[in-house]
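Take a look at the structure set out below.
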Amino acid sequence: MGKLNIIHLCFLLCTKMGCACELQHKFEMRDMYKEGHIMIGGIFPIFNKQEDMLVSFEKEPHNAECKGFDLRAFRWTRMMMFAIDEINNDDYLLPNISLGYKILDSCASPTNVLRAALTLVSGSEEKDSSCHPPPISALIAESGSTQSLAVAEALGPFRVPMVSYFSTCACLSNKRKYPTFFRTIPSDYHQAKALAFLVKRFGWKWIGALQSDNDYGRNGISAFAKEVEALGVCIAFVGTILRTYPQNKILEVVEMIKQPTVKMILAFVPEGDLYPLMQEVVKQNITGKQWIASEAWISAARPSTPEMFQSFRGTIGFVVQKMAIPKLGPILKDISPYHNSESSFVTDFWETVVGCRPVSSVNILYNSTKVCTGTEKINYTNQFFDITQLRITYKVYQAVYAIAHALHHLMFCEMPETNISRLCLNASQITPNMVSTGVSTAFHLSINSTVNEHLKKVHFVDTVGEKVFFDENGDPPVSYEVINCHLKCILICQTPKAVCSEICPLGTRKAQIKGLPVCCFDCISCADGSISNTTDCITCPEEYWSNERKNSCVMKITEFLTYTETMGIVLTALSLFGACLAFSTMVVFIYFRDTPIVKVNNSELSSLLLLSLFFCFLCPLTFIGEPTDWSCMLRHIAFGVTFALCISCILGKTIVVVSAFRFGPAQQRGIVWSCTAIQIVICILWLKITPPFPDKVFEQHNKKIILECNTGSDIAFCAVLGYIGLLAVICLILAFLARKLPDNFNEAKFISFSMLIFCAVWITFIPAYVSSPGKYTVAVEIFAILSSAFGLLLCIFVPKCYIILIKPERNTRKHKTLPGKKSSCVLRLNSTNVYQN
């Protein structure tokens with residue numbers, strides 16, 4: 001900006017000092033020139049590369065040396081010349097006013113384009129002209145966005161209108177910085193959106209990007225990256241290139257392109273900057289890449305040559321609409337260095353197209369390799385002569401006509417009453433006289449400013465039927481075409497893939513790889529109980545579990561203790577065996593009820609005890625099978641009542657022994673039924689308030705649903721167990737107190753041992769019950785019931801059955817007493833009670 005301010009200051013000083021008529025210095029630049037009433041400047045990259053210059057700042061630098069004649073840009077110049085000649089021959093557009101032109105070469109260099117711009121706005125002494133030509137009223141420039149930025153910043157303060165035909169950088173739409181800039185090609189803002197749509201259409205997620213080291217490339221890639229970020233697309237790398245880069249930098253970018261995971265390459269690069277890289281890609285035979293092109297090179301000639309086809313075939317991108325201008329064809333075919341009227345650069349064109357330089361130019365151009373004989377013929381199949389697919393060339397045509405229409409509206413006034421236009425401003429007023437006198441400088445700036453205002457209002461239909469106008473940012477209407485030599489194959493046959501990581505299969509989820517973009521990830525299996533059918537794992541509903549592949553939820557297995565499984569069969573067998581054993585013992589006691597051993601042990605209580613044990617053994621059968629409302633209530637109530645009855649019977653027998661047989665049958669029955677009645681009351685209250693019910697237990701990390709009986713009230717369940725435990729503890733204490741009575745009459749030691757087993761079983765039951773999972777909780781409870789029942793049955797009744805069945809000789813009257821005074825005394829005191837039953 002500092003340099004530009006100095007340029008502005010120098011220009012103003014120059015105008016104030018009246019130096020427009022006497023140039024202090026000028027740049028020697030080859031040009032194409034035609035004088036007219038109103039002059040239009042043109043800057044084109046006729047040569048596409050400027051040779052490096054060493055500047056010492058001690059002497060004036062030499063003129064820039066340019067190389068790489070560009071046929072495409074040369075055709076643009078011819079289009080400008082053709083359009084101006086067409087306008088000059090038009091009786092309705094600028095009648096009786098001739099347009100002139102001065103066209104300079106920029107060498108695609110920001111420094112050289114600035115020289116050209118200053119040359120055009122300064123005016124010069126021209127050959128064959130009696131007076132100085134007028135300065136330009138408008139400028140058509142430039143193809144590169146960086147070059148256009150340099151010109152727009154330099155000429156903007158002087159209100160010189162500028163219309164570009166190929167500068168697409170969105171930054172140029174900023175009217176605050178570039179108020180006099182217009183263009184006939186759409187902004188990259190729209191192209192970035194179009195490219196993002198293309199990427200989304202084909203599902204490409206992993207793309208390499210190349211940008212030119214200038215405003216066009218950097219702004220283009222930045223706009224594209226912003227658009228695709230919302231689509232989940234990742235940029236694998238951003239390589240930067242420029243036509244003036246050394247070979248080692250080109251090779252660095254080639255190594256990026258060779259990455260095997262990157263199949264799509266977007267190049268937001270002008271053709272001239274990309275060509276050195278293209279040559280290296282072809283040299284290293286890099287194939288299998290899908291290239292996405294910006295409009296700057298997709299329709300250029302060099303990328304479509306046979307040698308480039310192997311590496312760049314299938315390139316896809318957007319281009320501006322093509323048009324055909326048949327009248328241009330003869331003009332292009334008539335170019336010849338042997339015509340006296342031909343302008344500069346024709347010899348360069350001839351050498352490029354024909355392959356030799358004309359004789360007239362050999363003496364001054366020492367680097368020619370072949371001299372023409374004059375009989376050479378031009379190959380008109382060259383793309384240069386194809387006027388049926390004009391794209392950027394057509395944009396030059398529109399730019400010239402836009403300026404012409406703006407000048408027409410500036411100079412001609414329409415009479416409302418007749419609809420006839422008349423001249424309101426003479427062409428002579430738009431001359432450098434306004435600048436050179438120093439008096440009219442401000443007026444000249446106002447004229448340029450007026451041209452700008454009329455350019456903003458331009459709205460017409462050109463000769464090929466297209467509407468031409470500019471929006472508030474100086475941009476034209478947006479229109480693109482998709483171009484791809486294999487577009488049909490891509491859409492129908494096979495779409496190339498472009499992903500860093502393949503889509504995770506069903507049953508897995510993405511796991512971000514640290515340090516890499518979001519498009520790069522690992523796929524890890526979903527946790528048990530969750531599935532993935534999109535991109536992330538989701539937990540299955542409560543009653544469902546993930547299948548083996550983790551791609552769908554299936555119903556959980558309902559688990560409960562059944563009669564058909566091994567554990568159920570074993571417990572059922574033990575239960576039935578215990579019931580049979582209790583029933584058999586009861587039959588034995590009933591059958592031998594008249595024997596002394598049965599009578600002395602109170603046959604009524606013994607039978608009731610055996611009956612309760614019989615039901616205790618059958619009680620586990622209610623715990624096996626699918627829980628229902630009735631089975632849940634039955635199992636807990638049956639367990640509580642039968643064991644209460646059992647322990648009550650044992651308590652009655654223990655009290656009889658401890659009281660030295662002072663309790664009669666009525667008192668014994670009272671003890672048993674009263675103790676049992678308390679348990680019955682507890683159970684009735686339990687059923688009334690919160691009865692047990694079947695319940696499903698869901699465990700998040702278990703693929704089973706545990707179907708069990710919920711106690712309904714933990715307090716009621718604890719009360720039932722607690723009451724049984726209380727009776728057992730009382731029995732244990734009383735039996736312990738009666739342990740020293742005579743052996744033949746004393747059941748106390750057997751009751752003590754059975755109660756010890758009973759208490760031990762139920763004490764260990766508590767932690768085992770709490771810690772057992774699923775159906776094993778029920779199994780533990782059944783095991784505790786059977787263990788305690790077997791313990792009672794075996795400890796109390798096996799010794800008696802042994803005497804009854806194995807040692808009947810001991811089941812006699814004489815074996816009821818033992819020698820000793822104490823024993824005889826006890827026997828006499830209780831003889832009546834002993835034989836009552």
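Just so you know, residue 1 is the first one in the sequence shown, and it goes up from there.
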Exercise for the section: Please confirm whether the backbone N or O of W350 pairs with a side-chain atom of R357, one donor and one acceptor, at under 3.5 Å? Expected result: no
Ignoring hydrogens and angles, write down the donor-acceptor pairs under 3.5 Å from the side chains of residues 464-473, residues two or more places apart or on other chains.
unit_1: D471; atom_1: OD1; unit_2: N473; atom_2: N; d: 2.9
unit_1: D471; atom_1: OD1; unit_2: G474; atom_2: N; d: 3.1
unit_1: D471; atom_1: OD1; unit_2: D475; atom_2: N; d: 2.8

Practice task
Measure from the side-chain N and O atoms of D31 to the backbone N and O of K102, and report whether any donor-acceptor pair falls under 3.5 Å.
Solution key: no
Problem - Nearest-0.5 Å distance, CD1 of residue I392 to NZ of residue K322 - result: 14.0 Å
Problem - Side-chain heavy-atom pair S143, F44 within 4.5 angstrom cut-off - result: no
Completion exercise
When rounded to the nearest 0.5 Å, the distance separating CE of M81 from CD1 of I103 is 6.0 Å
Handout entry: Set of ring-ring contact (aromatic ring centres under 6.0 Å, His included) partners for H190, sequence neighbours left out
Key = none
Exercise for the section: Could you tell me whether a side-chain N or O of N219 sits under 3.5 Å from a main-chain N or O of C169, the two making a donor and an acceptor? Expected result: no
Handout entry: L390 side chain near M79 side chain, heavy-atom distance below 4.5 Å
Key = yes
Handout entry: W297 side chain to A267 backbone, donor-acceptor under 3.5 Å
Key = yes
Handout entry: Test item: L407 and H454 side chains (from C-beta on) under 4.5 Å apart, heavy atoms
Key = no
Problem - Atom pair CG/OG of L99 and S137 - distance to nearest 0.5 Å - result: 9.0 Å
Problem - Within-4.5 Å side-chain heavy-atom neighbours: M308 and Y275 - result: yes
Exercise for the section: Scan for salt bridge (charged side-chain N to carboxylate O under 4.0 Å, His left out) pairs involving residues 215-224, sequence neighbours excluded, and state none if there are none. Expected result: D213-R218
Practice task
Compute both the distance and the angle, then confirm whether K333 meets the cation-pi test with Y380: under 6.0 Å from the six-membered ring centre, within 45 degrees of the axis.
Solution key: yes
Handout entry: Non-hydrogen side-chain atoms of F345 and T77 separated by less than 4.5 Å
Key = no
Practice task
Verify the distance criterion only: is there a donor paired with an acceptor across the side chains of D386 and Q383 at less than 3.5 Å?
Solution key: no
Exercise for the section: Using atom types as modelled and distance alone, determine if a side-chain donor or acceptor of N89 lies under 3.5 Å from a backbone N or O of D85. Expected result: yes
Completion exercise
The side chain to side chain donor-acceptor pair (under 3.5 Å) partners of Y165 (sequence neighbours excluded) come to none
Exercise for the section: First locate atom CZ of F384, then atom CD1 of I378, and finally report the distance between them rounded to the nearest 0.5 Å. Expected result: 8.5 Å
Completion exercise
CG (L195) and CZ (F268) are apart, to the nearest 0.5 Å, by 6.0 Å
Problem - Test log, rule salt bridge (charged side-chain N to carboxylate O under 4.0 Å, His left out), inputs D348 and R30 - result: CA-CA 12 Å; D348 303 281; R30 298 169 64 187; 2.6 Å; yes
Problem - Which atom of I403 lies closest to which atom of L139, heavy atoms considered - result: CD1-O, 4.4 Å
Problem - Separation of I185 CD1 from D188 CG (nearest 0.5 Å) - result: 8.5 Å
Completion exercise
Sorted by chain and number, sequence neighbours left out, salt bridge (charged side-chain N to carboxylate O under 4.0 Å, His left out) with E295 holds for none
Problem - Closest non-hydrogen atom pair between N112 and C107, with its separation - result: ND2-SG, 3.7 Å
Practice task
Please answer whether the main-chain N or O of G68 pairs with a side-chain N or O of N48 as donor and acceptor at a distance below 3.5 Å.
Solution key: yes
Practice task
For residues 390-404, pull every pair meeting salt bridge (charged side-chain N to carboxylate O under 4.0 Å, His left out), keeping only residues two or more places apart or in separate chains.
Solution key: R391-E481
Practice task
Kindly assign one of parallel, tilted or perpendicular to the pair H405 and H409, based on the angle between their ring planes and the thresholds 30° and 60°.
Solution key: tilted
Problem - Note, F182 side chain near M162 side chain (heavy atom, < 4.5 Å) - result: no
Problem - Enclosure of K200 NZ (heavy-atom neighbours >12, cutoff 6.0 Å) - result: no
Handout entry: Residues that K49 engages under salt bridge (charged side-chain N to carboxylate O under 4.0 Å, His left out), provided they are two or more places apart
Key = none
Practice task
Report yes if the side chains of I46 and M32 come closer than 4.5 Å at any heavy-atom pair, otherwise no.
Solution key: yes
Exercise for the section: Would you check, one step at a time, whether the test side-chain contact (heavy atoms from CB on, under 4.5 Å) holds for V353 with L71? Expected result: CA-CA 9 Å; V353 175; L71 286 174; 3.7 Å; yes
Completion exercise
Hits for side chain to side chain donor-acceptor pair (under 3.5 Å) against E227, two or more places apart or cross-chain, chain-then-number order -> K193
Exercise for the section: Give a yes or no on whether the ring-centroid distance for F166 and W76 is below 6.0 angstrom. Expected result: yes
Exercise for the section: Decide side-chain contact (heavy atoms from CB on, under 4.5 Å) for T168 and Y189; before the verdict, give the C-alpha distance in whole Å, the side-chain angles of both, and the deciding distance to 0.1 Å. Expected result: CA-CA 8 Å; T168 58; Y189 170 81; over 6 Å; no
Practice task
In sequence, state the C-alpha distance, the side-chain angles, and the governing distance for T393 and L328, and then conclude on side-chain contact (heavy atoms from CB on, under 4.5 Å).
Solution key: CA-CA 10 Å; T393 307; L328 180 64; 4.2 Å; yes
Handout entry: Atom NZ of K175 with >12 non-hydrogen neighbours under 6.0 angstrom
Key = yes
Practice task
For H37 and I97, indicate whether the former's side chain and the latter's backbone hold a donor-acceptor pair under 3.5 Å.
Solution key: no
Practice task
Apply side chain to side chain donor-acceptor pair (under 3.5 Å) to E142 and list each qualifying residue two or more places apart in sequence or on a separate chain.
Solution key: S106
Exercise for the section: Could you list the residues that satisfy side chain to side chain donor-acceptor pair (under 3.5 Å) with T180, not counting sequence neighbours? Expected result: none
Exercise for the section: Decide side-chain hydrogen bond (donor to acceptor under 3.5 Å, both in side chains) for Y397 and E86; before the verdict, give the C-alpha distance in whole Å, the side-chain angles of both, and the deciding distance to 0.1 Å. Expected result: CA-CA 10 Å; Y397 184 77; E86 192 176 61; 2.6 Å; yes
Exercise for the section: Using side chain to side chain contact (heavy atoms under 4.5 Å, CB included) as the criterion, list what pairs up with L198, not counting sequence neighbours. Expected result: F202, I292, I316, F318
Practice task
Classify the side-chain pair T184/Q398 by whether it contains a donor and acceptor separated by less than 3.5 Å.
Solution key: no
Problem - Distance-only donor-acceptor check, side chains R115 and S109, under 3.5 Å - result: no
Problem - Side chain to side chain, P270 and Y216, heavy atoms closer than 4.5 Å - result: yes
Handout entry: Polar side-chain atom of S212 near backbone of I241 as donor-acceptor pair, under 3.5 Å
Key = no
Problem - Set of residues satisfying ring-ring contact (aromatic ring centres under 6.0 Å, His included) with respect to F74, sequence neighbours excluded - result: F69, F349
Completion exercise
Nearest heavy-atom contact between P157 and E153 is CD-O, 3.4 Å
Practice task
Look at the side chain of T315 and the backbone N and O of F312, then say whether any donor-acceptor pair between them is shorter than 3.5 Å.
Solution key: yes
Exercise for the section: Go through the side-chain N and O atoms of D90 and Y401 and say whether any donor and acceptor fall under 3.5 Å apart. Expected result: no
Practice task
For side-chain contact (heavy atoms from CB on, under 4.5 Å), just list the numbers for V400 and I140, CA-CA rounded to whole Å, side-chain angles, deciding distance to a tenth of an Å, and then say yes or no.
Solution key: CA-CA 7 Å; V400 175; I140 296 177; 3.3 Å; yes
